[in-house]
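Below, read A as the first sequence line, B as the second, and so on, with proteins coming before strands; counting in each chain starts at 1.
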Amino acid sequence: MSRTFKNSLGSIKREVVNFSRSQKFYFLIAAIAFAAILPIFLTTYVVSEVLTPMIIFAIYASSWNLLASSGQGSLGHAAFLGIGSFVSALLAIKSGVPPIIGLFLGSLLSAAIGFLIGLTCVRLKAWFLAMVTFGFSVIIVTIFTELDDFTSAVLGFPTPLIVGRGLPFYYMTFAIAVISIFTMYLVMKSKIGLAFKAIHQNELEAKMVGINTAKYRLIAFVISTFFAGLAGGLFAYSIGYIDHSVFDPYYSFLPLMMAVIGGLGTIEGPIIGSAIIVTIDKYLPRIDLILGSLIGREGLIPLFPAVSSVGPPLRMLGLGVFLIVVVIFAPKGVAPLIKKAYNYLSSSEEKPK
Amino acid sequence: MITSGLIGALLWGVVIGCIYILLATGLNIIFGVMKLVNFAHGQLLMIGAYIAFTVTTALGLNAYIAVLVAMGTVALIGVGLERFTFRRVLGADKLNEIFVSLGLIYVFENAAVLLWGNTTYQISSPLQGLQLSLGQDVAISYDMLSAILIVIVILVALFLLLKKTKIGLAMRATSQKSNASMLMGVNIEKVYIFTFALGAALAGAAGALYGILLPFNPAIGALPTIKAFAIIIIGGLGSIPGAVIGGLLYGIAENTAVYFLGATWQDAIAFALLIIVLVIRPTGILGEKGE
């Protein structure tokens, strides 16, 4: 264990040196500067309702992506989002732990439970693992609601403030996100990440070249659930109120959608996916109003007499179609398309002569 | 309700188990032949229930004829699904199949909300309220009896189809070794479409029966998928008799557990069973052949 650890530390160090010299590094600096300056020009509503969730879900989707890069597609990540959010908020309220420390204790507990669940999952094949992780999320929400006296999960409770809402919270989340996502990047670029990739491509062959697949899959589980718990804690503080709905399967499928739509196995994929999905989430529910103004006063409502508001189901339907279309026609996600477009534009500028 | 107490729970377990058997058998056939797990299988059940409901209310058809209509329509939907979604991701990364079926869950559930609303319905059957007394305090409704009967008929027909017809032979050959059967002149694409449609039809029938026995809404599909999954793992992948035994065991176990522990634990128990089985045998009880 210690040797692999030392090895991977060495490769991480090399990776940092390489990274600071690469072109990607400047992109990263530009992106960070952009994300830091952007909120100053936006309203508080946009900052706290759109940008902050985008960043939190970027951490969450990245953590899912890390697990998926080892070939393990979890369908129960909401369990860890929920554990992180409940533990950090409950610690802050019931025992007066400072929220920021509660945040990390919550992530640690999430990782500990991730370790236990991972132990049962590491030998399972793709679809069994999907089922079992989904099952664990149902079991965990049942436990949380059964222990309602302690967790108040059924009705929920307001969470304390770490820092002021709006800009301060945005910058705190942003700093945590940069550190977390960079850590995950280093893990995925290190020898550990290479092992993940090998396992994803062909577990049997990975085993044959001497990779301890169970160990690496467990490592992926622990790292991934740690950051999922961290995202959960931030999520609880960002919405200011927490109840059992954080365990909804919706939150298990969300990081999957983000990572797959953005680009599975890449570092920028989950971030782009999170930006896309959160934007759709916040603005598309009004689609019935927009379409309504195009078609006529009544809009789509007469077409669907059974529902009172067409927007939410239509948005979810659209997300489902979007996911299927991406998986079938652009299995590497949207990120490579953006790269391609960028290359095309930059090369066509040089061409005219 | 009908009979209360433990015997009632057992009877109800058998009936619900029968519905799960249909669903599990469909999932099992698709998995056996195509090596594909369709997580949206329970959503086909839900769509089947809605189609049967629409046919009975709008056209005034008998609920048990509506079962046939639901089977046919859902089979057609299955053909479309296989042709336009699953065929394109089959055989590549297993995760892609999971992603596509998740997308389908979203599509089906929300299409159902848009078309039929978020309210709960139940199909009205001509046999409603009638029951057969089996002695003191024990009675079974005719709807439950006919559901069991229909499931038996469907399973026998399925068994004959698989064992006695040419397409059944082709399906069994494909499930053993798809490449070799392709070389022997089996049209694999045709077999896949037929298999998927057959599995979907079974889900449609299960849905119509579910709708006759229980109230339903657009969200009912998710749990039956998982239960069907648990059943084929208990009974062994690819085995129809295994699915029958697993389905009955599962239905009875679930309902007795609810009787003793209370309804809040129903779903958690389902998963606990599944997880225990998988931890002991990571590839399912009978293991998975090929691959």
Side-chain angles (χ1 to χ4, degrees), chain A residues 68 71-73 75 117 119-132 134-143 145-146 200-201 249-250 252-253 256-257 259-260 264 300 303-308 310 312-329 331, chain B residues 31 36-40 84-89 92-119 218-219 222-223 225-226 229-230 233 262 264-276 278-279 282-284 288 291:
Chain A
Q72 309 183 90
L75 293 186
I117 294 177
L119 276 181
T120 64
C121 287
V122 289
R123 293 193 304 155
L124 301 179
K125 295 221 166 191
W127 40 72
F128 292 133
L129 184 124
M131 278 280 127
V132 167
F134 187 82
F136 270 116
S137 76
V138 172
I139 291 173
I140 283 174
V141 67
T142 312
I143 292 172
T145 45
E146 281 291 306
H200 184 183
Q201 272 170 12
Y250 174 70
S252 288
F253 297 164
L256 179 154
M257 287 207 164
V260 172
L264 195 66
L300 290 175
L303 278 180
F304 302 108
V307 267
S308 49
V310 182
L314 205 60
R315 169 192 48 146
M316 301 284 262
L317 183 80
L319 276 181
V321 174
F322 191 23
L323 180 68
I324 295 171
V325 167
V326 166
V327 172
I328 291 176
F329 295 105
Chain B
F31 180 80
L36 163 80
V37 174
N38 176 17
F39 282 106
F84 294 110
T85 60
F86 283 117
R87 184 183 292 179
R88 292 165 182 273
V89 292
D93 194 341
K94 287 284 169 223
L95 289 180
N96 282 353
E97 294 167 8
I98 296 176
F99 300 153
V100 166
S101 47
L102 275 185
L104 289 175
I105 291 178
Y106 271 63
V107 170
F108 280 126
E109 287 198 348
N110 294 292
V113 171
L114 285 173
L115 291 174
W116 290 287
N118 230 333
T119 36
L223 282 170
T225 313
I226 287 143
F229 211 90
I233 288 166
T264 42
W265 287 92
Q266 184 173 7
D267 305 334
I269 289 164
F271 287 118
L273 265 176
L274 175 69
I275 291 165
I276 290 167
L278 279 177
V279 167
T283 48
E288 133 189 343
E291 238 196 305

(request) Please report the shortest heavy-atom distance between B:Asn110 and A:Pro313, naming the atom on each side. (result) CB-O, 3.3 Å
(request) Let me know if B:Glu109 has heavy atoms under 4.5 Å from chain A in its side chain, its backbone, both or neither. (result) neither
(request) Heavy-atom distances under 4.5 Å only: say whether B:Val89 touches chain A with side chain, backbone, both or neither. (result) side chain
(request) For the pair A:Phe253 and B:Tyr106, name the ring-plane relationship: parallel under 30°, tilted 30 to 60°, perpendicular over 60°. (result) tilted
(request) Nearest 0.5 Å please: distance from the CD1 atom of B:Ile98 over to the CG atom of A:Leu75. (result) 6.5 Å
(request) Pick one of side chain, backbone, both or neither for A:Phe322, based on which atoms fall under 4.5 Å of a heavy atom in chain B. (result) neither
(message) Counting only non-hydrogen atoms closer than 4.5 Å, does A:Glu146 touch chain B with its backbone (N, CA, C, O), its side chain (CB onward), both, or neither?
(response) side chain
(request) Just give me the residue among B:Leu95, B:Val100, B:Ile105 that pairs up with chain A most often, heavy atom to heavy atom, under 4.5 Å. (result) B:Leu95
(message) Tell me the closest heavy-atom pair linking A:Pro331 and B:Asn96, and the distance in Å.
(response) CB-ND2, 4.4 Å
(message) Which one wins on heavy-atom pair count under 4.5 Å against chain B: A:Leu264, A:Ile143, A:Ile139?
(response) A:Ile139
(request) For chain B, find which of A:Thr120, A:Val325, A:Val321, A:Leu256 contributes the most heavy-atom pairs closer than 4.5 angstrom. (result) A:Leu256
(message) Return the CG to CD1 distance between B:Leu104 and A:Ile324, rounded to the nearest 0.5 Å.
(response) 4.0 Å
(message) Distance check, rounded to the nearest 0.5 Å: B:Phe99 atom CZ versus A:Leu323 atom CG?
(response) 8.0 Å
(request) Would you mind checking which part of B:Phe86 comes under 4.5 Å of any heavy atom in chain A, side chain (CB onward), backbone (N, CA, C, O), both or neither? (result) neither
(request) Counting only heavy atoms closer than 4.5 Å, note whether A:Val132 contacts chain B via side chain, backbone, both or neither. (result) both
(message) Taking side chain as everything from C-beta outward and backbone as N, CA, C, O, which of these in A:Leu119 sits under 4.5 Å from a heavy atom of chain B? Side chain, backbone, both or neither.
(response) neither
